[in-house]
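These values consider heavy atoms only, across backbone and side chains, with no hydrogens, waters or symmetry-generated copies.
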Amino acid sequence: MEKSNPIKWIKYIFHPSHYLLSYLINQKKIGKTWRNLLIANGLLAFWLMMRLTDQPSFVTKLGKTNWSMVDLLVFLPLCLYGFIFGKSYSWLKKVIFINLDHLKISLPFKIWGLRNI
């Protein structure tokens, strides 16, 4: 690889599959199991340290609440609005990426352009 040509070097660095490693299916399963075991170990260590040092609970306790029908009439439309907005954003993001793929823009410019929006 030539170091004198920066454009070739940038294309090489930003190529999406240049640094992929192939794994056997057994290794993928072992990796997933190992990752889950490490997560469980971290949670257990966190819980144990909180108990041994008499720290307050990590989760804030809020106490009792009173919900009236008026509160539900405000809360439920807000939940529906959030759901619709999230689904439409997810759909719009897919449409944008499909259209970007049809424009045949190189990967470094896609990354630079999406980061500066």
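Without hydrogens or angle criteria, S90 side chain to G86 main chain gives no donor-acceptor distance under 3.5 Å. Between the side chain of N36 and the backbone N or O of T33, no donor-acceptor pair lies under 3.5 Å.
One distance of note links CG of L80 with CZ of F75; it measures 11.5 Å at 0.5 Å rounding. Remark: I96 CD1 to Y89 OH distance equals 8.0 Å, nearest 0.5 Å. For the atom pair CD1 (I84) and SG (C79), the distance works out to 11.5 Å, reported to the nearest 0.5 Å. Here the CG atom belonging to N41 is positioned 10.5 Å from the CG atom belonging to L48, to the nearest 0.5 angstrom.
A chain of hydrophobic side-chain contacts below 4.5 Å, direct or via other Ile, Leu, Val, Met, Phe, Trp or Tyr residues, connects L44 to L52. Hydrophobic clustering (ILVMFWY, side-chain heavy atoms < 4.5 Å, transitive): V74 and M69 are in distinct clusters. When the side chains of ILVMFWY residues are joined at heavy-atom separations under 4.5 Å, either directly or via intervening members, L76 and W67 end up in a single hydrophobic cluster.
Side-chain atoms of K87 and W91, non-hydrogen and from C-beta on, never get closer than 4.5 Å to each other.
The two residues D71 and N66 make their nearest non-hydrogen contact at OD2-O, 3.8 Å.
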